[in-house]
Q: 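Please read through the structure below; I'll follow up with questions.
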Amino acid sequence: MSRCGRRMVSSDPSKSIICDLPTDILHRILELMPIKYAARTSTLSKQWSQLWYKLPHLVFDHLFFQYVSNIGDSAARIIRKILMQHTGPILGFHLVSETHVLSQSDVDKCIILASNRGIQKLTLNVANDELYTLSDSIFTCAMLTHLKLSRCIVKFPDGTQFPNLVSLQLEDAAIDRSKETTLILPMLETLELKFCVDVDYVHIVSPKLVNLSMLSSYTITFKCFNVNMIFRKIKHLCLDGSSLKNLESVPMPDRLDVSLNLQSLKICELKISVKRIICALCLLRNSPNLIELDIDEVVKVDKTVYHTTELFDYLSKAEKEVSEALKLVRTVRLGKFKGTSTEMYLIQVILAHSPKLERMIIQQKMQKLERCDEILKELISYHRASLNAEIKYT
């Protein structure tokens, strides 16, 4: 047996070939383990002990909290102990508790300990009875590049700056509305807002933003696209039915004052109505660079005969607008497909008015095999404006 082979099967766990791997790879291996197992490696040898105490990314997720519950210990005490014994920089700190309750004080202490160690990535999702109020210590973390906050109250001091932040995700968060504030994010590329309250009270300055997702959060109107530079520069936009409903709350222009830079548009839970379709077409027609359209789900179809009939009537008369909206689209994805007549008609319209289309991806939502065959046969029979268009039905 070779020397390397002998080392791989050595009875001494501290002298296996894995120990010769670079430190960053060993840290990555530990990060992929549940944290309770990563901690146990510190007993193998001095080398593994040093690796554990300098682990750059700490993840306290459901597996950790389940383990704590099983042994009847205090999660907050264990987290604080790990943080206080840590001897290296903490580049990532992720606290995700779906069921385990942590007090405001407990979370504050954890964040303070982590924020003084050069933190770059922070995830906070605490399942308390009341929303957690974000600690002010967060706003001193100038090295943050990724910030994900869920179920919390955020009080941004006016003029708050995160000079290195690349991604900001807020979910089920409430913004303090006592006064309007300015949030300066010069490097921000991705902004996701899901089910947030009072986001309108924050003025975000982010000249490099390219990805924007707003689900039931922000009162967006067509006026925003004309006056707010953020909407003019983004390349990838995700909206939901509520956002489209807000768009239709003001008179819909045939044209915006400016062209948008969108390359892709995703619509989640598209609730069928003529006004919403007109809003979507307006965005598409004012986006000369758009090549991808993603409709995550068409909902409430075939339940209101009036809406369905009205939609069919409008689309049959708006061929010019539809053709202009779809003239450059290359990829279309329709998710959670149920095979309703309204969905089938939308697909028929898209195929007939997309001369550049290359892929139509249809992802079904539970269909019987016989029904799948029927749907696929009908889809293949539809006229296609593009001879290169492929239909992928999964």
Side-chain angles (χ1 to χ4, degrees), residues 11-16 18-19 21 23-135 137-138 141 144 146-152 167 169-173 194:
S11 60
D12 186 345
S14 69
K15 294 182 179 179
S16 64
I18 194 173
C19 297
L21 292 174
T23 299
D24 58 338
I25 294 180
L26 293 175
H27 275 153
R28 184 57 183 152
I29 293 172
L30 292 181
E31 290 166 3
L32 292 173
M33 297 180 182
I35 198 164
K36 66 174 183 178
Y37 296 126
R40 290 175 184 175
T41 63
S42 64
T43 64
L44 294 177
S45 68
K46 183 177 180 180
Q47 179 191 8
W48 284 102
S49 177
Q50 291 176 345
L51 286 168
W52 162 246
Y53 289 123
K54 293 183 179 180
L55 189 65
H57 294 273
L58 299 174
V59 179
F60 301 95
D61 57 10
H62 68 284
L63 293 175
F64 166 77
F65 286 101
Q66 183 180 8
Y67 167 72
V68 170
S69 297
N70 291 339
I71 65 175
D73 206 335
S74 166
R77 186 192 67 79
I78 295 176
I79 296 173
R80 285 198 304 271
K81 181 179 179 181
I82 291 174
L83 290 173
M84 292 176 70
Q85 292 179 340
H86 202 280
T87 58
I90 299 177
L91 303 182
F93 181 72
H94 308 279
L95 183 60
V96 181
S97 169
E98 296 291 343
T99 57
H100 197 98
V101 175
L102 292 174
S103 71
Q104 174 85 37
S105 175
D106 288 336
V107 179
D108 283 348
K109 291 175 182 177
C110 292
I111 291 180
I112 290 172
L113 288 170
S115 63
N116 294 327
R117 312 293 284 276
I119 190 168
Q120 295 178 4
K121 297 182 179 181
L122 174 64
T123 301
L124 184 62
N125 185 355
V126 183
N128 289 350
D129 295 333
E130 297 181 357
L131 295 180
Y132 164 75
T133 300
L134 191 65
S135 171
S137 60
I138 289 295
C141 300
L144 272 177
H146 294 74
L147 180 59
K148 183 176 182 180
L149 304 173
S150 302
R151 294 186 283 194
C152 63
S167 173
Q169 298 171 271
L170 301 178
E171 183 172 356
D172 291 315
K194 297 182 180 179

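One is the number of the first residue; the rest follow in order along the sequence.
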Q: What's the separation between atom SG in Cys141 and atom CG in Leu147, rounded to the nearest 0.5 Å?
A: 9.0 Å
Q: So which atom in Thr133 and which in Asp108 form the shortest heavy-atom distance, rounded to 0.1 Å?
A: O-OD1, 4.3 Å
Q: Please determine whether side chain to side chain contact (heavy atoms under 4.5 Å, CB included) holds for the pair Phe65 and Leu95, giving the CA-CA distance in whole Å, both sets of side-chain angles, and the decisive distance to 0.1 Å.
A: CA-CA 10 Å; Phe65 286 101; Leu95 183 60; 3.7 Å; yes
Q: Does Gln169 reach the side chain of Ser150, with side-chain heavy atoms less than 4.5 Å apart?
A: no
Q: Side chains of Ile111 and Tyr132: closer than 4.5 Å at any heavy-atom pair?
A: yes
Q: Which pair of heavy atoms, one from Ile112 and one from Asn116, lies closest together, and at what distance?
A: O-ND2, 3.1 Å
Q: Looking at every heavy atom in both Glu31 and Pro56, which two are closest together, and how far apart are they?
A: OE2-CG, 3.3 Å
Q: With rounding to the nearest 0.5 Å, note down the distance linking CD1 in Ile90 to NZ in Lys54.
A: 13.5 Å
Q: When you measure from the side chain of His86 to the backbone N and O of Leu55, does any donor-acceptor pair fall under 3.5 Å?
A: yes
Q: Within this structure, what is the NE2-CG distance for the pair His94 and Leu122, rounded to the nearest 0.5 Å?
A: 8.0 Å
Q: Run the side chain to side chain contact (heavy atoms under 4.5 Å, CB included) check on Leu58 and Ile79 step by step: do they pass?
A: CA-CA 10 Å; Leu58 299 174; Ile79 296 173; over 6 Å; no
Q: Within the distance-only criterion (no hydrogens, no angle test), does the side chain of His27 pair as donor or acceptor with the backbone N or O of Leu51 below 3.5 angstrom?
A: yes
Q: Between atom OG of Ser115 and atom CZ of Phe93, what is the distance when rounded to the nearest 0.5 Å?
A: 10.0 Å
Q: When rounded to the nearest 0.5 angstrom, what is the spacing between CZ in Arg77 and NZ in Lys109?
A: 13.5 Å
Q: Hey, is the main chain of Trp48 close enough, under 3.5 Å, to the side chain of Ser45 for a donor-acceptor pair?
A: yes
Q: For Lys36, I'd like to know if atom NZ has over 12 heavy atoms of other residues, nucleotides or ligands within 6.0 Å.
A: yes
Q: Would a 4.5 Å heavy-atom cut-off, applied to side chains only, mark Trp52 and Thr87 as touching?
A: no
Q: Taking side chain as C-beta onward, heavy atoms only, is Tyr37 less than 4.5 Å from Leu32?
A: no
Q: Testing the basics here: between Arg80 and Cys110, what is the closest heavy-atom pair and its distance to 0.1 Å?
A: CG-SG, 4.3 Å
Q: Does the side chain of Arg151 reach to within under 4.5 Å of the side chain of Val126, using non-hydrogen atoms?
A: no
Q: Considering non-hydrogen atoms only, spot the tightest contact between Cys152 and Leu131 and give its length.
A: N-CD2, 3.9 Å
Q: Looking at CD of Gln104 and OG of Ser135, how far apart are the two atoms once the value is rounded to the nearest 0.5 Å?
A: 8.0 Å
Q: Side chain to side chain contact (heavy atoms under 4.5 Å, CB included) between Ile138 and Leu124: does it pass, once the steps are laid out?
A: CA-CA 11 Å; Ile138 289 295; Leu124 184 62; over 6 Å; no
Q: Closest approach of Ile119 and Ala114, non-hydrogen atoms and distance?
A: CB-O, 3.8 Å
